[in-house]
Amino acid sequence: MADFLTSQNEDFSKWYNEIVQKADLADYSPVRGSMVIKPYGYTLWERIRDELDRRFKETGHVNAYFPLFIPMSFLEKESDHVEGFSPELAVVTHGGGSELEEPLVVRPTSETIIGHMYAKWIRSYRDLPVLINQWANVVRWEMRTRLFLRTTEFLWQEGHTAHATRLEAEEETLRMLDVYTDFAVKEAAIPVIPGRKSESEKFAGAVASYTIEAMMKDGKALQSGTSHFLGQNFAKAFDIRFLDETNEQQYAWTTSWGVSTRMVGAVVMAHGDDQGLVLPPHIAPIQVVIVPIWRKDAERDAVLEAAEGIRQRLVALPASPGSALRMRVELDRREGVSPGWKFNDWEMRGVPLRVEIGPRDIANQNVMIARRDVPGREGKMLLPMAELEAQVPTLLEAVQTAIYEKAVAFRDSHTYDVSSYDELKEAVETGFARAWWAGDAEDEARVKDETRATVRCIPTEQPGGSGTCVYTGRPATEVAVFGKSY
RNA sequence: CGGGGCGUAGCGCAGCUUGGUUAGCGCGCACGGUUUGGGUCCGUGAGGUCGGCGGUUCAAAUCCGCCCGCCCCGACCA
């Protein structure tokens with residue numbers, strides 16, 4: 001792929017915007033900053049959603065739905081929260097033809113309305129924990145928007161839990177960070193760095209925020225999921241109290257965590273190449289596409305019949321080892337476009353495996369298989385037709401693993417352990433800098449001012465020992481990851 | 001809201017400096033033929049308030065003013 005690290009930001013943005021639209025993921029809506037997610041893009045989101053949801057259920061969470069409109073006064077109950085969100089609120093002042101007594105905000109996130117409900121629902125320690133997730137849309141009036149990465153309205157899941165003890169809530173926060181990490185690595189094939197946010201970067205109203213940070217192909221960071229330990233901040237603001245075992249009133253400890261449609265953008269920017277999307281098989285809307293090839297009308301029927309036979313054999317297989325889903329296979333029956341055109345078309349859409357079948361293959365009882373992750377003719381191989389069931393699942397897993405490993409190699413080769421401020425400045429031009437950090441907000445602000453880079457996170461996995469800050473020389477016991485971000 | 005770039009057919013663009021017949025090109029689209037194992041080729045055709053409003057002029061896509069919108073960089077941020 002073109003080297004976006006040495007080129008202008010504009011080039012990568014152009015590539016991204018073009019691919020997102022050409023691959024049929026999304027289109028701009030007439031309203032500034034909002035987008036239409038097209039069926040192909042939505043199916044990709046559904047795959048992400050289902051994989052996450054499966055994990056939420058496995059960890060004991062249930063889904064519910066809370067209202068879109070929130071009374072303005074709810075946000076004002078938590079001072080950090082309202083301060084953080086008020087600049088980006090969409091406010092409804094009129095309804096049913098008359099002015100409302102109290103303005104309603106379109107939820108930018110649901111801590112407040114959910115906090116209000118939890119206060120009603122929770123009376124006793126026996127009611128805890130409450131482990132609820134909701135799939136919803138939220139609205140944030142951002143100044144600058146970008147397809148999938150930052151849109152005025154976006155889809156996400158937000159989990160909100162309440163616990164009897166601080167420890168339990170902290171464990172929940174980290175457990176969900178693990179769930180996100182597991183999803184990113186195993187399904188989205190994106191290596192992420194889980195860690196804690198700095199004070200200046202944490203969620204408005206949280207005691208501590210955690211994040212998974214991914215590296216895009218231009219070396220920039222993308223916050224791909226967050227998990228917050230809210231302490232008793234929202235419990236006190238919304239009066240979420242319960243009687244404990246000793247008949248004492250206690251405030252609950254709460255958490256919230258979310259992953260949004262931004263994850264679609266992360267997949268595009270982490271794996272894509274000059275030909276377009278490269279989708280991980282586990283979440284690809286179409287895992288295998290069959291392109292039939294014929295020259296004369298007489299060959300057409302036989303080829304299509306053989307292609308349909310292959311389709312039926314493949315859809316009978318599981319989508320991935322152990323999955324309850326069946327393999328997602330598409331037979332491209334379009335006429336009037338050449339096979340070469342179809343090859344390019346499906347590559348643009350990132351389909352992991354392509355099966356080509358023509359008269360020659362039928363005669364020889366084999367098919368040509370092309371891997372999306374290996375560009376051009378090098379990714380093609382001949383496969384005996386009898387081995388489809390044995391080989392296609394293996395190949396899909398091979399693609400899944402290969403693109404993950406490629407992403408790991410890219411990230412690692414653009415992550416630098418730095419020991420001086422000059423090295424840090426140089427490192428963040430092309431990737432991440434790992435540096436000792438003492439958590440000083442003023443210095444963080446200065447680095448941001450001079451380099452545009454911020455503390456992406458203080459990784460959960462630390463090297464241990466101690467060192468000195470690269471710019472102040474202060475003693476430090478933790479390493480932080482610095483980088484430019486979206 | 002600041003700095004930079006742009007706005008001409010569905011998409012991508014030329015034309016503007018130096019005003020002058022009927023505003024062009026590529027892709028896409030429709031029809032016919034040809035082709036189909038890596039984006040076939042040929043022909044015919046449809047498609048335009050030149051972002052909007054105002055001004056200068058015999059004459060404006062072109063010059064001037066104001067406004068609107070988009071993109072990139074910053075502030076904001078999942």
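The chains referred to below are lettered A, B, ... by the order of the sequence lines, with proteins before strands, and numbering in each begins at 1.
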Distance test, side-chain N/O of A:S338 to OP1/OP2 of B:rU40, below 4.0 Å
yes

Report the distance from atom NE2 of A:H81 to atom P of B:rA78, rounded to the nearest whole Å.
11 Å

Check the distance between B:rA78's P and A:N133's CG and give it to me in whole angstrom.
18 Å

Rounding to an integer number of Å, can you tell me how far A:W15 CH2 sits from B:rC71 C1'?
18 Å

Using the closest heavy atom to pick a nucleotide of RNA chain B for each, name whichever of A:E347 or A:Q223 lands nearer the 5' end.
A:E347

Can you tell me, in whole Å, how much space there is between the C1' of B:rC13 and that of B:rU8?
9 Å

What about A:D345, does its side chain sit under 3.5 Å from the base of B:rG39 through a donor-acceptor pair?
no

Separation between the C1' atoms of B:rA59 and B:rA23, rounded to whole Å
16 Å

A:F343 CZ to B:rG39 C1': how many Å, rounded?
11 Å

Given B:rA78, B:rG37, B:rA75, identify the nucleotide with an atom nearest to the side chain of A:K448.
B:rA75

Going by purine N1 to pyrimidine N3 plus the second Watson-Crick contact, or the G-U wobble pair, all under 3.5 Å, which nucleotide sits opposite B:rU21?
none

What is the base-pairing partner of B:rU44, counting Watson-Crick and G-U wobble geometry with both distances under 3.5 Å?
B:rA30

Among B:rC76, B:rG39, B:rG38, the one nearest A:E88 by side-chain distance:
B:rC76

Over all strands shown, is A:L222 touching base, sugar-phosphate only, or nothing at heavy-atom distances under 4.0 angstrom?
nothing

Between atom CZ in A:R262 and atom P in B:rA78, what is the gap in whole Å?
7 Å

Any donor-acceptor pair under 3.5 Å joining the side chain of A:K380 to the base of B:rG37?
no

Options B:rG37, B:rA78, B:rG38, nucleotide nearest the side-chain atoms of A:F154:
B:rA78

Describe, in one word, how the ring planes of A:F229 and A:W253 are oriented to each other, choosing from parallel (under 30°), tilted (30 to 60°) and perpendicular (over 60°).
parallel

Which nucleotide in the set B:rC76, B:rG37, B:rA78 lies at the smallest distance from any side-chain heavy atom of A:E356?
B:rG37

A:T151, nearest nucleotide to its side chain (from B:rG37, B:rC73, B:rA78):
B:rA78

Measure up the A:Y486 and A:F12 rings against each other and bin them: parallel (under 30°), tilted (30 to 60°), perpendicular (over 60°).
tilted

Separation of the C1' atoms in B:rA61 and B:rU44, to the nearest angstrom
29 Å

Paired with B:rA60: which nucleotide, if any, by Watson-Crick or G-U wobble criteria at under 3.5 Å for both distances?
none

For B:rG39, give its Watson-Crick or G-U wobble partner with both distances under 3.5 Å, or none.
none

Ring centres of A:F154 and A:W156 under 6.0 Å apart?
yes

Return the nearest nucleotide to the side chain of A:R354; candidates are B:rU36, B:rG38, B:rA78.
B:rG38

Among the nucleotides B:rA75, B:rA78, B:rG39, whichever has the atom closest to the side chain of A:M143 is B:rA75

If the cut-off is 4.0 Å, is A:K22 near the phosphate of B:rG28, judged by side-chain N/O to OP1 or OP2?
no

Could you tell me how far apart A:W341 (CH2) and B:rC29 (C1') are, to the nearest whole angstrom?
13 Å

Phosphate-side-chain proximity, A:R146 and B:rA78, N/O vs OP1/OP2 below 4.0 Å
no

To the side chain of A:R144, which of B:rC72, B:rG37, B:rG39 is closest?
B:rC72

Should B:rC1 form a Watson-Crick or G-U wobble pair with both distances under 3.5 Å, which nucleotide is its partner?
B:rG74

Please measure how far the C1' atom in B:rC72 lies from the corresponding atom in B:rA30, and state the result in whole Å.
38 Å

Is the distance between the ring centroids of A:F85 and A:F203 less than 6.0 Å?
yes

Pair partner, B:rC53 [Watson-Crick or wobble, under 3.5 Å]
B:rG65

Write down the distance between OH (A:Y180) and P (B:rA78), rounded to a whole number of angstrom.
13 Å

Describe the nucleic acid contact of A:M263 in one word from base, sugar-phosphate, nothing, applying a heavy-atom distance below 4.0 Å.
nothing

Per A:T226 side chain, nearest of listed nucleotides B:rA75, B:rG38, B:rA78
B:rA78

Is the distance between the ring centroids of A:F66 and A:H160 under 6.0 Å?
no

Does the side chain of A:E187 pick up a donor-acceptor pair with the side chain of A:Y404 at under 3.5 Å?
no

Rounded to the nearest angstrom, tell me the gap between atom CD1 in A:I369 and atom C1' in B:rG37.
15 Å

Would you indicate which nucleotide in B:rG39, B:rG37, B:rA78 comes nearest to any side-chain atom of A:M348?
B:rG39

Salt-bridge criterion met for A:E51 and A:K186 (N-O under 4.0 Å)
no

What's the gap between B:rG24 and B:rG48 when it is taken at their C1' atoms, as a whole Å value?
12 Å

Mind checking the P distance from B:rC70 to B:rG32? Whole angstroms is fine.
41 Å

Does A:N17 have a side-chain nitrogen or oxygen under 4.0 Å from the phosphate oxygens OP1 or OP2 of B:rC70?
no

Distance between P atoms of B:rA60 and B:rG52 (Å, rounded):
15 Å

Under 4.0 Å, heavy atoms only, any strand: does A:G258 hit a base, just the sugar-phosphate, or nothing?
nothing

Report yes if a side-chain nitrogen or oxygen of A:R360 is closer than 4.0 Å to either non-bridging phosphate oxygen (OP1 or OP2) of B:rG37; otherwise report no.
no

Less than 4.0 angstrom from a charged side-chain N to a carboxylate O is my criterion; do A:D24 and A:R349 meet it?
yes

Reckon A:R452 touches a base, only the sugar-phosphate, or nothing at all at heavy-atom distances under 4.0 Å?
sugar-phosphate

Looking only at atom types and distance, does a side-chain atom of A:D80 sit under 3.5 Å from a main-chain N or O of A:A204, one as donor and one as acceptor?
no

Inter-nucleotide C1' distance (B:rU62, B:rG20), Å rounded
11 Å

